[in-house]
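Report on one structure; see the data block that follows.
Bear in mind the structure is a predicted one, so any value in this text is a computation, not a measurement. When a ligand or atom number is given, it counts from 1 through the structure's own listing order. Hydrogens, waters and symmetry mates are skipped; everything else that's a heavy atom, side chains included, is used.
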Amino acid sequence: MTSVAQTLADGTALLHDSSASPRADALLLLAHAMRREREWIVAYGDATPSREEVQAFERLSTQRSEGVPVAYLLGSAGFFGREFLVNESVLVPRPETEHLVAAAIAFIGKRPLDVVDVGTGSGAIACTIAAETRATVCGTDTSSAAVAIANENARRFGVTDRCRFCVGDLTEAVSAQRFDLVVANLPYVPTAEIPSKPDPVAFEPREALDGGSDGLTLYRRLFNTLASLLNANALILLEAAPPTMPGLSAIVRSALPHSAIAVCRDYAGLERYLRISTGATDA
Ligand code: GLN
């Protein structure tokens, strides 16, 4: 029988050409197949996996070699220190979005503010804000499958009392409410730039990625109605593609001419989100 270490080495070799991180992927998938922590896999290389475990691992690594994102194979993805449930109905939460969440949490501080997360997907942004602050958060999404996952995540993290989700286009489902903070990671990839398989992004829902010809179609529509939903001194945090920042800033300036707009960078140093202060106190 092959050892854990050899099984891991075989999986790493299989993923060599298809993954940017073959060993890390193989380690996660083997740990999942064996229902063990990653640390166990590393520490017990001499152990022998069962035939079922090896078969489960081979199935997972074959799917990974065809491009399926690791998060869909594991059924979860880490975000801001929590493990969120994900499936093919939602975008895999990205590390760069943690930056936007950190800015939201800093703005909220200890205040019991009202927050809307437009296009919530897995609910990673909304649930994290609810878990880390005393704010009340509403997440919206056009996809009822996404809202089902977001609700599961809210239950998982015990935030259902202050975090709820509605199905609807952009802010349609919350149009009677007012918010102190708006966060959005709307689809922003220009249509022509959406990758095709085997790129892992191509396995994610197209409606969570496709931002129209210039990547800003959804943001343009959001700003048709957003102004009337804002409380005084509200903050808006928007994630978008680095090349679209000037275009997005122009949309914001025309909808909210008195706001202060700052472009912020992600961990990679790329211009990734806009911070829009509508009040004089948070310029
Ligand atoms: N960050 C994602 C990507 O580059 C896109 C997310 C989005 O469109 N909101 O693949």
Tabulated below should be the N or O atoms of ligand 1 paired with protein N or O atoms at under 3.5 Å; can you produce that?
residue	atom	partner	partner atom	Å
ligand 1	1 (N)	Y188	OH	2.9
ligand 1	8 (O)	Y188	N	2.9
ligand 1	9 (N)	N185	OD1	2.7
ligand 1	9 (N)	L186	O	2.8
ligand 1	10 (O)	R94	NH2	2.9

Determine all donor-acceptor pairs shorter than 3.5 Å in which one atom belongs to a side chain in residues 248-259; sequence neighbours excluded.
residue	atom	partner	partner atom	Å
S249	OG	M245	O	2.8
S259	OG	L256	O	2.7

Do [X] and [Y] have side-chain atoms, one donor and one acceptor, less than 3.5 Å apart?
X    : Y    : answer
T7   : D10  : no
Y188 : E239 : yes
S19  : D25  : yes

**OP:** Only counting residues at least two apart or in another chain, list the ones meeting salt bridge (charged side-chain N to carboxylate O under 4.0 Å, His left out) with D199.
**Re:** none
Original post:
R111: what forms a salt bridge (charged side-chain N to carboxylate O under 4.0 Å, His left out) with it, not counting sequence neighbours?
Top reply: none
